[in-house]
Amino acid sequence: SAVISQKPSRDICQRGTSLTIQCQVDSQVTMMFWYRQQPGQSLTLIATANQGSEATYESGFVIDKFPISRPNLTFSTLTVSNMSPEDSSIYLCSASTGGDYGYTFGSGTRLTVV
Amino acid sequence: KQEVTQIPAALSVPEGENLVLNCSFTDSAIYNLQWFRQDPGKGLTSLLLIQSSQREQTSGRLNASLDKSSGRSTLYIAASQPGDSATYLCAVYSGTYKYIFGTGTRLKVLA
């Protein structure tokens, strides 16, 4: 299965700034996904990142707040914009070559906004 | 709308015990179910993937079963060790490339 390198692993950011999280996959994958995990909660899907097209956002998430890039089949970025303390979470990227094959996750980015 | 629930929410056991974690889902029309392990503040590590046509999968001390008709999966951990302490998540794939995650079981194995 694919291996995903995610960085940064953690960051402490000032309110009002932006942070870009990167995920690099060691093989070409069809779909990449971005999740948020708030403290003590399970994972919530932010968006599906499609190569060559706009990302598809879930209800409650918007492109202005969470712009996503997917320039090729092995790389994606998520930006958390104009951050507030409520954005403090773990952000995870995930990849799949097709749902039947299961999903692989990156190691996560632990974001704290102060 | 698919909903996934895990029971218990937290579990604390002495080392060496065999234990069972439960995962329930409301819509039996699934393609597969995947069990993950998450260490504090970290990403998810895939443990076992069960296709809808399978009844169980095994990896070392782990065994996962799937009963699609009743909407249940169990993860069996044999001879638990302190290193097994983590949060265990199940996730259900029902198509449209989306995984629906359970609420997780936080496991602590005491030495």
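Letters A, B, ... are given to chains in the order of the sequence lines, protein chains preceding strands, and every chain is numbered from 1. This structure is a prediction, so every number in the text was calculated from the model and none was measured.
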Chemist: State plainly whether one hydrophobic cluster holds both Tyr31(B) and Phe36(B), where clusters connect Ile, Leu, Val, Met, Phe, Trp and Tyr through side-chain heavy atoms under 4.5 angstrom apart.
Modeler: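 Same cluster: Tyr31(B) reaches Phe36(B) through Ile, Leu, Val, Met, Phe, Trp or Tyr contacts under 4.5 Å.
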Chemist: Can you hop from Val4(B) to Ile7(B) via hydrophobic side chains spaced under 4.5 Å?
Modeler: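 No; Ile7(B) is not reachable from Val4(B) via cluster members.
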Chemist: Can Leu21(B) be reached from Ile50(B) by stepping across I, L, V, M, F, W or Y side chains whose heavy atoms are under 4.5 Å apart?
Modeler: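 Hydrophobic grouping puts Ile50(B) with Leu21(B).
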Chemist: If I take atom OH from residue Tyr99(B) and atom CG from residue Leu45(A), how far apart are they, to the nearest 0.5 angstrom?
Modeler: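 It is 13.0 Å, given to the nearest 0.5 Å.
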Chemist: Say you draw a straight line from CZ of Phe101(B) to CD of Gln41(A); how long is it, rounded to the nearest 0.5 Å?
Modeler: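 These two atoms lie 14.5 Å from each other.
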Chemist: When heavy-atom pairs shorter than 4.5 Å are enumerated against chain A, which of Leu44(B), Leu89(B), Leu33(B), Thr103(B) gives the highest number?
Modeler: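 Looking at each option in turn, the highest pair count goes to Leu44(B).
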Chemist: Grouping I, L, V, M, F, W and Y whenever their side-chain heavy atoms are under 4.5 Å apart, do Tyr88(B) and Leu11(B) come out in a common cluster?
Modeler: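 Yes; tracing contacts between hydrophobic side chains, which count when under 4.5 Å, links both residues.
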Chemist: Sort by residue number and list every residue of residues 80-95 of chain A having at least one heavy atom under 4.5 Å from chain B.
Modeler: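 Under the 4.5 Å heavy-atom cut-off, Ile90(A), Leu92(A) qualify.
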Chemist: Heavy atom to heavy atom, less than 4.5 Å: which residues from residues 5-14 of chain A reach chain B?
Modeler: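 Residues in range: none.
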Chemist: Select one option (side chain, backbone, both, neither) describing which atoms of Glu58(A) are under 4.5 Å from chain B's heavy atoms.
Modeler: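 Just its side chain gets close to chain B.
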Chemist: Check the surroundings of atom NZ in Lys42(B): do more than 12 heavy atoms from other residues, nucleotides or ligands lie under 6.0 Å from it?
Modeler: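 Counting other residues, nucleotides and ligands, NZ of Lys42(B) stays at 12 neighbours or fewer.
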Chemist: Just wondering, do Tyr93(B) and Tyr103(A) contact through their side chains at under 4.5 Å, heavy atoms?
Modeler: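 Tyr103(A) reaches Tyr93(B) side chain to side chain.
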Chemist: If you count heavy-atom pairs within less than 4.5 Å of chain B, which of Thr109(A), Ile4(A), Leu43(A) leads?
Modeler: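 Of the options given, most contacts go to Leu43(A).
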Chemist: What distance separates Ser42(A) OG from Ile100(B) CD1, expressed to the nearest 0.5 Å?
Modeler: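 Between Ser42(A) OG and Ile100(B) CD1, I get 10.0 Å after rounding to 0.5 Å.
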Chemist: Is it true that, when you exclude Arg72(B) itself, more than 12 heavy atoms of the residues, nucleotides or ligands shown sit nearer than 6.0 Å to its CZ?
Modeler: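 It does not: Arg72(B) CZ has 12 such atoms or fewer within range.
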Chemist: Any chance CD of Glu54(A) has more than 12 other-residue heavy atoms, nucleotides or ligands included, within less than 6.0 Å?
Modeler: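 No, CD of Glu54(A) has 12 or fewer neighbouring heavy atoms, counting only those of other groups under 6.0 Å.
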Chemist: Where does Gln38(B) contact chain A at under 4.5 Å (heavy atoms): side chain, backbone, both or neither?
Modeler: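 For Gln38(B), the side chain is the part near chain A, not the backbone.
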Chemist: In terms of hydrophobic clusters joined by side-chain contacts under 4.5 Å, are Met32(A) and Leu73(A) together?
Modeler: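 No, Met32(A) does not connect to Leu73(A) through the hydrophobic network.
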